[in-house]
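Here is the structure we will look at, set down as structure tokens.
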Amino acid sequence: MGNRSVVTGNIITMDPGRPRAEAMAIIDGRIAHVGSLADAQAAAGAQAEQHRFDGGAIIPGLIDTHNHMLWTGIQQQAVDLPACKSIAEVIDAVRRFAAANPQRQWITSGLGWHIEKFAEKRYPTRQELDQACADRPVYLNRGGHVAACNSLALQLAGIDRHTPEPEGGRIVRDAAGEPSGVLLEAPAFMLVERHMPPRSRADQLAALRSIQAAYHRQGLCGVVDPGLPSDEMGVYQELWQQGGLTMRATVMPLAQTDDDPDRIVDRLAAWGFRTGFGDSRMRIGGIKIYMDGGGSLGTALMREPYPDERCNCGIQVTHTSTFHRLAEFCARNRWSLGVHTVGGKAIDIALAVFDDVNQRYPIRDLRFNIIHAYLWPSAENIATAARLGVGVATQPTMQYSFAPMLVKRFGAEAFGRATPIRSWLDGGVMVGGGSDSPINAFSPLLGLWHAITRYVDDLDTAIGPQEAVSPEAALAMYTRNAAWFTFNDHECGMLKPGYLGDWVALSVDPLACDPQRIRDASVLATAVGGTLVHQQ
């Protein structure tokens, strides 16, 4: 008989041809019927497993289009800093972790901590981290764009007052010209990272295996994990081969752009595979490139200087000529391409290059996309993206998390225009929802709630309510639209015959309830390919 089940309840299919249903039958991992309970029972047979949910709703499995799942898992093995409210608490957390882990050669942190929560509103200096641990290198990476190091870490990397600024990065210096311990963007902090011992494959596999259960508890069935070096892609492949990959993962290889463009292109060509390779459980996505830094750091590439740093327009991480060469390579060789663009100038550059490449190698069916794109894309940007078929991977939780700090920096009106989801959608652009975990919480229900309400707890108000979207549009960002970014939209993102049996049962109907109830709704069950991977 095979694996057969019937799921009954208030089913939201996200299929425009049949928006709602009473039941669905799943046979051997795929949906065989959607419609009435009687017809679903007949399709599945008398021996089918029964799953009934009264109240709430059953929706397609949720997908996060920008989620560093492996890093999120690894973060569990590092110093936990998100709860710290001062540099003194950071020092204490590092000291306690170092004492509890004497075998660790380096003391590292997870990525998801924010200095706006610190009383001092700044990063710890090397001298302060020396107080916590001076006999081992300390490396605290925040968000993949900045790192705070102790003196020993800088010494091992050979960073001193004479070290030149790396192109695309910045070594922050104190009043005496000495490195403060803070390094901005990858070209700077990679000077330290290249001296760190590699994590063992066993630790990486354990991290990836264990984090999946937490994701399923939030209703997630799929992720796009962006910017993976080859060894981390190997971790995904090994877990997939072991049969331990319960999430559907689309992995995006990272293109290191701090090298000669010819050598970069040669390395990409030598891989021998391209976007789309794999299966519904693990698939190769587009190449990931960083165009600029982060808005919360003052390193996003802006059209105008930052209001509190009149000489700073941010950092362009990848030179335009290098980016053009890589974009042309991708278009010519049928690779997709995802570009980290936070600031308006970075968005301008990326879309201008896409437009130029498109003249020779059409990109519409390649699903090129810009990632984040939140600090003021222009009307021209929106029109260009729509014309070229370029998608936007956006993160409502980023707007939610960064609002308290960036409202102070730019003002409520200006920041209210950031992350303009409604403008992108109204302009005809494909928009996928995500979190950028571990920088932000990976709860898709938090993302849904914020996209619908634009509400920020710390400010007790909605920031940019004109960019709020309908519940239907928000849910599509994490289901039907998100599947477009995974290259699995022919079998994921909707509940319809022939599609994979990925579904989530919620305690509320997200399309009918008060939006305030969505954020704290319960995920009653999650299934991937018809198999329960979480049940409350």
Side-chain angles (χ1 to χ4, degrees), residues 65-66 226 286-296 299-306 313-321 323-324 326-328 330-331 336-359 361-396 398-399 402 406 410-411 413-434 436 451 454 463-464 466-469 473 477 481 484-485:
T65 63
H66 191 81
I287 290 170
K288 165 77 177 291
I289 292 176
Y290 284 90
M291 178 58 69
D292 67 346
S296 62
T299 57
L301 189 63
M302 310 291 279
R303 301 183 185 101
E304 303 290 339
Y306 284 79
C313 289
I315 294 176
Q316 183 170 347
V317 175
T318 299
H319 194 278
T320 304
S321 61
F323 177 65
H324 194 289
L326 293 175
E328 188 171 80
C330 288
S336 187
L337 175 60
V339 189
H340 171 110
T341 54
V342 171
K345 183 65 173 177
I347 300 170
D348 293 345
I349 294 170
L351 290 174
V353 169
F354 287 173
D355 203 0
D356 183 70
V357 168
N358 184 66
Q359 311 283 330
Y361 306 102
I363 66 172
R364 173 166 288 278
D365 64 342
L366 297 180
R367 309 190 190 194
F368 277 29
N369 60 89
I370 52 177
I371 299 166
H372 309 310
Y374 74 90
L375 288 181
W376 309 300
S378 66
E380 182 181 358
N381 293 153
I382 294 171
T384 301
R387 175 169 53 83
L388 297 176
V390 171
V392 175
T394 190
Q395 299 81 42
M398 181 175 291
Q399 179 82 352
F402 291 170
L406 293 183
F410 297 108
E413 190 281 329
F415 192 63
R417 290 183 281 108
T419 313
I421 298 174
R422 183 169 183 174
S423 292
W424 285 116
L425 289 172
D426 287 351
V429 177
M430 178 65 75
V431 179
D436 202 10
R454 300 283 289 198
I463 301 297
Q466 73 280 1
E467 290 295 345
V469 300
M477 286 165 50
N481 291 11
W484 183 88
F485 290 81

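Using modelled atom types, no side-chain atom of Gln395 and backbone atom of Gly434 make a donor-acceptor pair closer than 3.5 Å. The closest donor-acceptor contact from the side chain of Arg303 to the backbone of Trp376 lies under 3.5 Å. A donor-acceptor pair is defined here as one N or O able to donate and one able to accept, closer than 3.5 Å; no such pair exists between the side chain of Glu467 and the backbone of Ala418. In this structure a side-chain-to-backbone donor-acceptor pair under 3.5 Å is present from Arg364 to Arg387.
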Please report the C-alpha distance between Phe323 and Tyr290 in whole Å, then the side-chain angles of each, then the deciding distance to 0.1 Å, and finally whether the side-chain contact (heavy atoms from CB on, under 4.5 Å) criterion is met. CA-CA 9 Å; Phe323 177 65; Tyr290 284 90; over 6 Å; no
Could you walk me through whether Met430 and Phe485 pass the side-chain contact (heavy atoms from CB on, under 4.5 Å) test, one step at a time? CA-CA 9 Å; Met430 178 65 75; Phe485 290 81; 3.8 Å; yes
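The two residues Cys330 and Phe368 make their nearest non-hydrogen contact at CB-CZ, 4.0 Å. Residues Pro420 and Pro377 share a closest heavy-atom pair of CG-CG, 3.4 Å. Across all their heavy atoms, Ala327 and Val353 have their closest contact at CB-CG1, 3.9 Å. Closest non-hydrogen pair, Thr65 versus Ala393, comes out as OG1-CB, 4.0 Å. Residues Ile371 and Lys288 approach most closely at CD1-CD, 3.7 Å, considering heavy atoms. Closest approach of Ile463 and Gly416 over heavy atoms only: CG2-CA, 3.6 Å.
If you take CE on Met302 and CD1 on Ile315, they are separated by 13.5 Å, rounding to the nearest 0.5 Å. In this structure, CG in Leu375 is found 7.5 Å from CD1 in Ile347, a value given to the nearest 0.5 Å. Taking CD of Gln466 as the start and CZ of Arg454 as the end, the distance is 6.5 Å to the nearest 0.5 Å. Put simply, CD on Glu328 and CZ on Phe354 are 13.0 Å apart, with the number rounded to the nearest 0.5 Å. With rounding to the nearest 0.5 angstrom, the OG atom of Ser336 is 9.0 Å from the CD1 atom of Ile287. Ile349 contributes atom CD1, which lies 10.0 Å from atom OG1 of Thr318 (distance to the nearest 0.5 angstrom).
Side-chain atoms of Phe415 and Tyr374, non-hydrogen and from C-beta on, do get closer than 4.5 Å to each other. Residues Val342 and Thr299 fail the side-chain proximity criterion, which asks for heavy atoms closer than 4.5 Å. Residues Leu337 and Leu366 fail the side-chain proximity criterion, which asks for heavy atoms closer than 4.5 Å. Residues Glu380 and Leu351 form no side-chain contact, since every pair of their non-hydrogen atoms from C-beta on lies 4.5 Å or further apart.
Of the options Thr419, Ile370, Val429, a side-chain contact (heavy atoms from CB on, under 4.5 Å) to Thr394 is made by Thr419 and by none of the others. Exactly one residue among His340, Lys345, Gln316, His372 makes a side-chain contact (heavy atoms from CB on, under 4.5 Å) with Asp292. That residue is His340.
Using a 3.5 Å distance cut-off with no hydrogens or angles, the side chains of Asn381 and Ser378 do pair a donor with an acceptor.
The environment of CZ in Arg367 is crowded: more than 12 heavy-atom neighbours from other residues, nucleotides or ligands sit within 6.0 Å.
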